[in-house]
Amino acid sequence: RIVNAQQSPPRRLSRHVGEVLIPKVGWVRFRWSRAVPVAQSYRVTLDRSGRWHVAFAVWPAPSVPGPGTGEVIGIDRGVAVAAALSTGEMLNIPRLSAGRKRRLLLLQRKIVRRGRDSRRHEDARRAAARLHGRKADARKDWCEKASTDLARRFDVIRIEDLKIRNMTRSAKGTIAEPGRNVRQKAGLNREILASGWGRLVQRLEEKAPGRVQKVPAAFTSQRCSACGHVDRKSRESQADFRCTACKFACNADVNAAINIAAGHAVTARGGSALARPLNREPQISVA
């Protein structure tokens with residue numbers, strides 16, 4: 001980390017090339033990917049894929065203003081669809097292409113076969129790290145664009161309250177009590193982490209402070225958004241929802257997003273989680 005950046009500010013050499021002064025190294029060129037503001041300090045880092053980055057420390061920009069229309073949006077997060085909105089929109093996070101997935105699989109096999117202290121092992125590890133870095137960059141870019149768009153379009157953003165750390169906990173258990181379906185659970189954990197659930201909510205809370213509300217996620221996918229009937233059989237598949245009471249049909253993720261937008265989350269005793277239960281037994285009144 002280099003402080004007192006104002007004494008030697010970065011210099012622009014061309015449209016996409018600049019240089020920054022690093023003590024004991026000299027002027028180092030970097031790609032001018034965006035406007036560089038007046039910074040008090042900057043940090044030079046090296047990631048796992050062998051890429052160098054320079055980041056300038058500035059005061060954070062103000063939050064994204066809302067439209068002022070009072071419109072409310074509900075967001076249901078999933079694996080097949082990263083984020084389903086109550087308006088019917090489906091936001092899919094970018095993934096690696098089929099060709100790059102095959103290349104990543106081949107690289108992982110090479111890493112296992114080659115010796116850990118060999119140069120060829122390090123080359124394969126770096127190549128796999130570059131593909132993982134590309135996937136992480138695409139995920140971060142999607143979260144930034146999606147959170148900015150939602151913060152600009154809606155005044156109130158309601159999202160299900162999920163404990164991601166608990167959901168992605170390993171299922172292998174202990175020696176005395178080994179877990180079941182460990183490989184399937186590990187694959188599900190990878191897909192959840194690759195969907196950017198936590199980063200999307202984090203950026204929404206930073207860009208729209210005070211306008212993000214978390215709704216309990218209990219039974220939001222089993223409740224009919226049209227009549228309010230709750231039945232696990234209503235969700236016929238991952239994508240199809242058909243109410244067993246009123247026969248209302250809708251995409252399952254969109255139906256859950258509508259319930260989240262309305263603040264409807266059913267508790268184990270019934271009723272709304274945001275209000276008192278509606279099916280309580282009559283109580284004896286005290287005169």
Side-chain angles (χ1 to χ4, degrees), residues 71-98 101 138-139 142-143 145-147 149-150 153-154 156-164 166-168 171 180-181 183-201 204 213-274 277-279:
E71 192 170 358
V72 181
I73 187 68
I75 305 176
D76 177 73
R77 292 171 288 177
V79 174
V81 179
L85 308 185
S86 56
T87 57
E89 302 174 61
M90 300 290 186
L91 305 182
N92 292 308
I93 197 166
R95 305 277 184 166
L96 289 178
S97 62
K101 285 183 179 179
R139 181 169 60 249
W142 177 83
C143 289
K145 292 179 179 178
S147 58
D149 179 66
L150 293 173
R153 291 168 53 192
F154 305 99
V156 179
I157 303 171
R158 287 177 178 165
I159 195 164
E160 51 189 345
D161 188 12
L162 298 177
K163 307 301 181 183
I164 301 177
N166 297 338
M167 294 175 62
T168 56
R180 295 179 298 175
N181 300 326
R183 295 185 62 184
Q184 293 83 345
K185 183 60 168 62
L188 177 61
N189 293 348
R190 286 194 297 268
E191 290 298 323
I192 291 175
L193 296 175
S195 299
W197 291 3
R199 187 173 185 86
L200 177 62
V201 176
L204 282 173
Q213 300 177 1
K214 293 185 178 181
V215 177
F219 304 102
T220 52
S221 62
Q222 301 177 11
R223 182 186 188 275
C224 177
S225 59
C227 68
H229 179 68
V230 179
D231 187 1
R232 59 180 301 182
K233 297 181 180 179
S234 296
R235 186 157 188 172
E236 299 177 348
S237 64
Q238 186 277 328
D240 298 325
F241 181 90
R242 183 179 298 276
C243 180
T244 56
C246 67
K247 307 304 179 182
F248 170 76
C250 181
N251 181 275
D253 296 330
V254 175
N255 176 77
I258 296 175
N259 291 328
I260 295 170
H264 290 155
V266 181
T267 63
R269 298 179 61 186
S272 172
L274 303 182
L278 302 179
N279 60 348

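Computed from heavy atoms alone, side chains included, the values below leave out hydrogens, waters and symmetry copies.
Across all non-hydrogen atoms, the minimal contact from N255 to T220 is ND2-O, 4.2 Å. For the residue pair C227 and C243, the shortest heavy atom distance occurs at SG-SG, 3.6 Å. A80 and Q238 make their closest contact through CB-NE2, 3.6 Å (heavy atoms, listed as atom of the first residue, atom of the second, distance). Shown here for V72 and A261, the closest heavy-atom pair between the two residues is CG1-O, 3.6 Å. A pairwise comparison of heavy atoms in I157 and L150 identifies CD1-O, 3.9 Å as the closest pair. Residues G78 and S195 come closest through the heavy atom pair O-OG, 3.7 Å.
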- Passes side chain to side chain contact (heavy atoms under 4.5 Å, CB included), C246 versus C224? Steps please. CA-CA 9 Å; C246 67; C224 177; 3.7 Å; yes
- Apply side chain to side chain contact (heavy atoms under 4.5 Å, CB included) to F241 and S221, showing your working. CA-CA 9 Å; F241 181 90; S221 62; over 6 Å; no
- Task: For salt bridge (Lys or Arg N to Asp or Glu O under 4.0 Å), just list the numbers for R242 and D231, CA-CA rounded to whole Å, side-chain angles, deciding distance to a tenth of an Å, and then say yes or no.
- Result: CA-CA 10 Å; R242 183 179 298 276; D231 187 1; over 6 Å; no
- Message: Please evaluate residues V215 and I159 with respect to the criterion side chain to side chain contact (heavy atoms under 4.5 Å, CB included), reporting the C-alpha separation (whole Å), side-chain torsions for both, the decisive distance (0.1 Å), and the verdict.
- Response: CA-CA 6 Å; V215 177; I159 195 164; over 6 Å; no
- Item | Verdict with reasoning, W142 to N92, per side chain to side chain contact (heavy atoms under 4.5 Å, CB included) | CA-CA 9 Å; W142 177 83; N92 292 308; over 6 Å; no
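Taking CG of L193 as the reference point, atom CE of M167 lies at 10.0 Å (rounded to 0.5 Å). Of the inter-residue distances, the one linking T244 atom OG1 with E236 atom CD reads 10.0 Å to the nearest 0.5 angstrom. Note that NZ of K247 and NE2 of H229 are 9.5 Å apart. Values are rounded to the nearest 0.5 Å. To the nearest 0.5 angstrom, I75 atom CD1 is 8.5 Å from F154 atom CZ. The line from CG of D253 to CG of D240 is 10.5 Å long, rounded to the nearest 0.5 Å. Here CD of E71 is found 8.0 Å from CZ of R153. Values are rounded to the nearest 0.5 Å.
In this structure, N189 contributes its side chain and T168 its backbone to a donor-acceptor pair below 3.5 Å. No donor-acceptor distance shorter than 3.5 angstrom exists from the side chain of W197 to the backbone of A83, with no hydrogens or angles considered. At distances below 3.5 Å, at least one donor-acceptor pair connects side-chain atoms of N259 with backbone N or O atoms of R223. In this structure a side-chain-to-backbone donor-acceptor pair under 3.5 Å is present from E160 to R77.
Using a 4.5 Å heavy-atom cutoff, the side chains of R158 and I73 are not in contact. Side-chain contact between L162 and V201 is absent, with no heavy-atom pair separated by less than 4.5 Å.
A search for side-chain contact (heavy atoms from CB on, under 4.5 Å) contacts involving V254 returns M90, C250, N251, I258, not counting sequence neighbours.
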